[in-house]
Amino acid sequence: MSKYKYKAGEYVVYGSSGICKIVDIKDLTLSPIIGERNYYVLEQINAKTSTIYVATDNETLCAKMRYVLDKKEILDILHRAKEGSISWIDDRKVRAQEFYNILHNGTHEDMLLMIGCIYLKGRELAEIGKRLSDSDSGILRSAEKIIREEFAFALGINGEDVGKFIRSELKIEPLGDL
């Protein structure tokens with residue numbers, strides 16, 4: 001049995017870097033002060049020129065790694081999300097902080113609920129000739145990217161088809177581009 005949680009050749013999600021392939025696990029000297037350490041060598045699947053080194057003994061950095069969801073996990077998330085909701089927070093600063101926390105620390109279910117909340121507010125604003133703030137739009141785009149990338153990879157579908165898949169599973173009308 002390996003002393004490492006992950007193996008070379010596996011796909012993981014690494015923080016906000018998205019899906020990465022572990023291309024190697026090897027000893028490297030990246031800093032003369034620290035000396036030689038053992039690293040997971042990650043390659044982002046959507047940015048082949050970007051390499052990420054995660055020290056295998058750094059619990060904080062390793063905690064940012066997790067296995068990519070599988071189809072059953074995605075379906076479970078979607079069905080749990082169908083039963084929940086997130087209410088719009090009128091205070092812009094409080095909302096921005098809450099949405100930022102969901103984006104960076106929340107579950108996929110939280111992100112889907114947040115996306116739905118922002119879509120609904122966007123639709124409500126459009127009806128009176130207004131639009132979402134740049135901050136809300138940016139959070140929405142970031143959350144959509146995270147969901148789209150992982151769901152597409154895990155389900156083996158194109159990113160453009162993720163929204164259709166989600167709406168089909170949840171039996172809802174289109175709310176936007178996801």
Side-chain angles (χ1 to χ4, degrees), residues 11-22 40 42-54 60-71 73-126 130-170 172-178:
Y11 290 92
V12 295
V13 176
Y14 182 66
S16 61
S17 297
I19 299 173
C20 300
K21 182 177 183 178
I22 301 172
Y40 291 111
L42 309 178
E43 184 178 272
Q44 291 177 276
I45 64 165
N46 291 326
K48 299 283 189 217
T49 58
S50 179
T51 302
I52 301 167
Y53 299 92
V54 180
T60 303
L61 294 179
C62 286
K64 294 181 178 184
M65 291 173 60
R66 65 170 176 76
Y67 287 108
V68 177
L69 297 171
D70 63 28
K71 185 173 183 175
E73 290 169 318
I74 290 171
L75 293 173
D76 288 346
I77 288 166
L78 290 174
H79 292 116
R80 283 193 313 271
K82 187 175 183 177
E83 303 303 317
S85 67
I86 290 180
S87 298
W88 185 259
I89 301 168
D90 289 326
D91 184 307
R92 184 176 43 87
K93 288 181 182 179
V94 173
R95 181 177 66 249
Q97 185 60 50
E98 180 65 24
F99 285 176
Y100 179 86
N101 286 338
I102 290 171
L103 189 63
H104 293 282
N105 304 312
T107 64
H108 287 81
E109 182 179 341
D110 292 337
M111 271 193 265
L112 287 168
L113 293 173
M114 180 182 70
I115 289 168
C117 175
I118 296 171
Y119 276 162
L120 290 173
K121 186 63 173 183
R123 182 181 278 170
E124 179 184 310
L125 290 171
K130 295 184 178 183
R131 62 185 189 105
L132 291 168
S133 70
D134 290 343
S135 173
D136 293 325
S137 294
I139 290 281
L140 177 61
R141 280 191 305 278
S142 295
E144 287 175 328
K145 180 183 178 291
I146 291 166
I147 295 292
R148 185 182 306 111
E149 181 181 283
E150 187 167 2
F151 282 25
F153 183 85
L155 297 168
I157 61 176
N158 290 323
E160 304 85 50
D161 295 331
V162 170
K164 187 177 358 175
F165 173 82
I166 291 171
R167 288 187 298 275
S168 170
E169 286 299 316
L170 298 180
I172 58 174
E173 291 180 39
L175 293 174
D177 296 332
L178 177 71

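All values reported here derive from a predicted model rather than from experimental measurement.
- Look at Arg95 and Glu98 and you find no salt bridge, because none of the NZ, NE, NH1 or NH2 atoms lies under 4.0 Å from a carboxylate O.
- A perpendicular orientation is assigned to the rings of Phe99 and Trp88, their planes being inclined by more than 60° (bins at 30° and 60°).
- Ion pairing between a basic and an acidic side chain is recognised when a charged N comes within 4.0 Å of a carboxylate O; Lys82 and Glu109 show no such pairing.
- Counting only distance, with no hydrogens or angles, the side chain of Asp91 and the backbone of Val94 share a donor-acceptor pair below 3.5 Å.
- No hydrogens or angles considered: a donor-acceptor pair under 3.5 Å links the side chains of Asp110 and Thr107.
- The distance from atom CG of Leu61 to atom CD1 of Ile52, rounded to the nearest 0.5 Å, is 10.5 Å.
- In this structure, Glu150 contributes its side chain and Leu69 its backbone to a donor-acceptor pair below 3.5 Å.
- You'll find the side chain of Met65 reaches within 4.5 Å of the side chain of Leu42, heavy atoms only.
- Annotation: Lys121, atom NZ; neighbour count of heavy atoms from other residues, nucleotides and ligands within 6.0 Å is above 12.
- In this structure, the separation between NE2 on His108 and CG on Asp76 is 13.0 Å, given to the nearest 0.5 Å.
- Aromatic ring centres of Tyr11 and Phe153 lie closer together than 6.0 Å.
- In terms of heavy atoms, Glu144 sits closest to Ile115 at N-CD1, 4.0 Å.
- Heavy-atom neighbours of Tyr100 OH from other residues, nucleotides or ligands within 6.0 Å: at or below the threshold of 12.
- Looking at heavy atoms from C-beta onward, Leu112 lies in side-chain contact with Leu78 at the 4.5 angstrom threshold.
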Working note: Lys21 + Glu43, criterion salt bridge (charged side-chain N to carboxylate O under 4.0 Å, His left out); need CA distance, chi angles, decisive distance, verdict.
CA-CA 5 Å; Lys21 182 177 183 178; Glu43 184 178 272; over 6 Å; no

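- Side-chain contact between Leu125 and Arg131 is absent, with no heavy-atom pair separated by less than 4.5 Å.
- Other residues, nucleotides and ligands contribute over 12 non-hydrogen atoms within 6.0 Å of the CZ atom of Arg80.
- Remark: side-chain polar atoms of Glu73 are paired, donor with acceptor, to backbone N or O of Asp70 under 3.5 angstrom.
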